[in-house]
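Here's the structure, in structure tokens; my notes come after.
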Amino acid sequence: MPKNNKLFLERILKEAIHEIGHTYGLAHCDNPKCIMHFSNSLKDTDTKEPGFCFRCNMKIK
Ligand SMILES: [Zn+2]
Ligand SMILES: [Zn+2]
């Protein structure tokens with residue numbers, strides 16, 4: 001794939017938020033759109049949205 005700085009920064013942001021979620025005690029989420037979904041590949045990371053699903057959002061609150 002050609003170099004894509006925006007995509008690269010999005011991936012870093014998503015993985016950083018995901019790890020911060022763990023430090024707040026969140027486990028992995030079944031929702032593939034949730035930031036707490038486990039990424040087994042970059043495709044999984046690109047599928048996720050940069051935020052918590054309703055359920056994870058409630059837990060973190
Ligand atoms: Zn994780
Ligand atoms: Zn979730």
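For the numbers below, each heavy atom of this structure counts, side chains included, while hydrogens, waters and symmetry mates do not. Order of listing sets the numbers, starting from 1, for every ligand and every atom in it.
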Output field for angle at the Zn ion (ligand 2), Cys34.SG vs Cys29.SG, rounded to 10°, should show 110°
Counting backbone and side-chain atoms alike, does Cys56 have an N/O/S atom under 2.8 Å from the Zn ion (ligand 2)? yes
Looking at Asp30, I'd like to know if its CG atom is crowded, meaning that more than 12 non-hydrogen atoms belonging to other residues, nucleotides or ligands lie closer than 6.0 Å. no
Please find the N/O/S atom of His18 nearest to the Zn ion (ligand 1) and write down its name. NE2
For a side chain to side chain donor-acceptor pair (under 3.5 Å) check, start with the C-alpha distance between Lys48 and Ser39, then their side-chain angles and the critical distance, and finish with the verdict. CA-CA 9 Å; Lys48 298 200 264 201; Ser39 291; 3.1 Å; yes
Under the criterion salt bridge (charged side-chain N to carboxylate O under 4.0 Å, His left out), I'd like the reasoning laid out for Arg11 against Glu15: C-alpha separation, chi angles, the key distance, then a yes or no. CA-CA 6 Å; Arg11 287 170 174 167; Glu15 293 312 314; over 6 Å; no
Rounded to 10°, how big is the angle at the Zn ion (ligand 1) from His22 NE2 to His28 NE2? 100°
Do His28 and His22 make the cut of ring centroids closer than 6.0 angstrom? yes
